[in-house]
Amino acid sequence: MESAMCGRFALSPNHVFNSKPGDKYSSCRGPCSNLCIPMAVLATGPGRGGGLLEKPVIEKGTPGRESEFDLRKSRKLAPPYRVILHNDDFNRREYVVQVLMKVIPGMTLDNAYDIMLDAHYNGLSVVIICAQADAEEHCMQLRGNGLLSSIEPASGGC
């Protein structure tokens, strides 16, 4: 079987593309020339000669989904909430530090230790300030690991 021929045609806007199999200017050649499909040609303007088909522009985005920028913008508008760790007499200090590092993204050993000590000596400590949905999730995860925690609106911003 013969492969298809791809080519560029420079045609004037007045040129009509009605080639027949076997014509001198036909793009249809070979044994399957009677199955040829005419190519669409885009003229660049009146009297300027022919043009080439432009490559279609495909937007990279899923319809109906917000972009990452829009999500960050909407989160900034949401009021921040504090996740609060309460002191308890049941859990060991090392365990509290491990749970904080496991549950809170980006929590370092030093920060987790300071939060644990603050809650131990003062009765409670602010773990993180974030959006309400995230604060609720962190609070539930802390409670799921046996720590006492709560959330409250953070007045005055982050």
*Asks:* Decide side chain to side chain contact (heavy atoms under 4.5 Å, CB included) for Ile104 and Asn111; before the verdict, give the C-alpha distance in whole Å, the side-chain angles of both, and the deciding distance to 0.1 Å.
*Replies:* CA-CA 11 Å; Ile104 308 299; Asn111 287 344; over 6 Å; no

*Asks:* Quick one: does Arg93's side chain have a donor or acceptor within less than 3.5 Å of a partner on Leu117's backbone?
*Replies:*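 Here the side-chain-to-backbone pair does not exist.
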
*Asks:* Would you call Ile115 and Met107 a side-chain contact if the rule is heavy atoms closer than 4.5 Å?
*Replies:*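 SC-SC contact between Ile115 and Met107 confirmed.
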
*Asks:* For His138 and Pro105, work out which heavy atoms get closest and say how close.
*Replies:*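 The pair with the smallest heavy-atom distance is CE1-CD, 3.5 Å.
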
*Asks:* Does a donor on one side chain sit under 3.5 Å from an acceptor on the other, for Glu94 and Gln98?
*Replies:*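 No, no side-chain donor-acceptor contact under 3.5 Å.
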
*Asks:* According to a 4.5 Å side-chain heavy-atom criterion applied to Ile, Leu, Val, Met, Phe, Trp and Tyr, with indirect links allowed, do Val97 and Tyr121 form part of one hydrophobic cluster?
*Replies:*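 Same hydrophobic cluster.
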
*Asks:* Atom CD1 in Ile151, atom CD1 in Ile84: separation rounded to 0.5 Å?
*Replies:*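 So the gap between those two atoms works out to 9.0 Å.
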
*Asks:* If you take all heavy atoms of Cys130 and Ala135, which pair is closest and at what distance?
*Replies:*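 Heavy atoms of Cys130 and Ala135 come nearest at SG-N, 3.5 Å.
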
*Asks:* I'd like to know whether Asn145 forms a side chain to side chain contact (heavy atoms under 4.5 Å, CB included) with Tyr95, so could you lay out the CA-CA distance, the side-chain angles of the two residues, the decisive distance to 0.1 Å, and finally the verdict.
*Replies:* CA-CA 10 Å; Asn145 284 285; Tyr95 177 73; 3.7 Å; yes

*Asks:* So, do Leu85 and Val96 sit near enough that their side-chain heavy atoms are less than 4.5 Å apart?
*Replies:*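 Yes. Closest side-chain heavy atoms under 4.5 Å.
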
*Asks:* Write down the atom of Leu100, the atom of Leu142, and the distance for their closest heavy-atom approach.
*Replies:*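 Looks like CD2-CD2, 4.0 Å.
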
*Asks:* To the nearest 0.5 Å, how far apart are NE2 in His86 and CZ in Arg143?
*Replies:*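 So the gap between those two atoms works out to 7.5 Å.
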
*Asks:* Indicate the atoms forming the closest heavy-atom contact of Ala119 with Asn87, along with that distance.
*Replies:*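 Of all heavy-atom pairs spanning Ala119 and Asn87, the closest is O-CB, 3.1 Å.
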
*Asks:* With distance as the sole test, does Ser149 use its side chain to make a donor-acceptor pair with the main-chain N or O of Cys139 at under 3.5 Å?
*Replies:*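 At least one qualifying donor-acceptor pair exists.
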
*Asks:* Of all the heavy-atom pairs spanning Gly146 and Asn91, show the shortest one and how long it is.
*Replies:*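 In this case the closest contact between Gly146 and Asn91 is O-ND2, 2.9 Å.
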
*Asks:* Measure across Ile129 and Pro80 and return the closest heavy-atom pair with its distance rounded to 0.1 Å.
*Replies:*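 Shortest heavy-atom contact: CG2-CB, 3.7 Å.
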
*Asks:* Would you say Ile128 ends up clustered with Met101 if hydrophobic residues are merged whenever their side chains have heavy atoms under 4.5 Å apart, either directly or through other cluster members?
*Replies:*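 Cluster IDs for Met101 and Ile128 match.
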
*Asks:* Nearest 0.5 Å, please: how far is OG in Ser155 from CZ in Arg82?
*Replies:*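 Output value for this atom pair is 5.0 Å.
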
*Asks:* Would you say Val103 and Leu109 are hydrophobically clustered, going by side-chain heavy atoms of ILVMFWY under 4.5 Å?
*Replies:*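 Cluster IDs for Val103 and Leu109 match.
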
*Asks:* To the nearest 0.5 angstrom, please state how far the CE atom of Met116 sits from the OG atom of Ser125.
*Replies:*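 Atom-to-atom, Met116:CE and Ser125:OG are 10.0 Å apart.
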
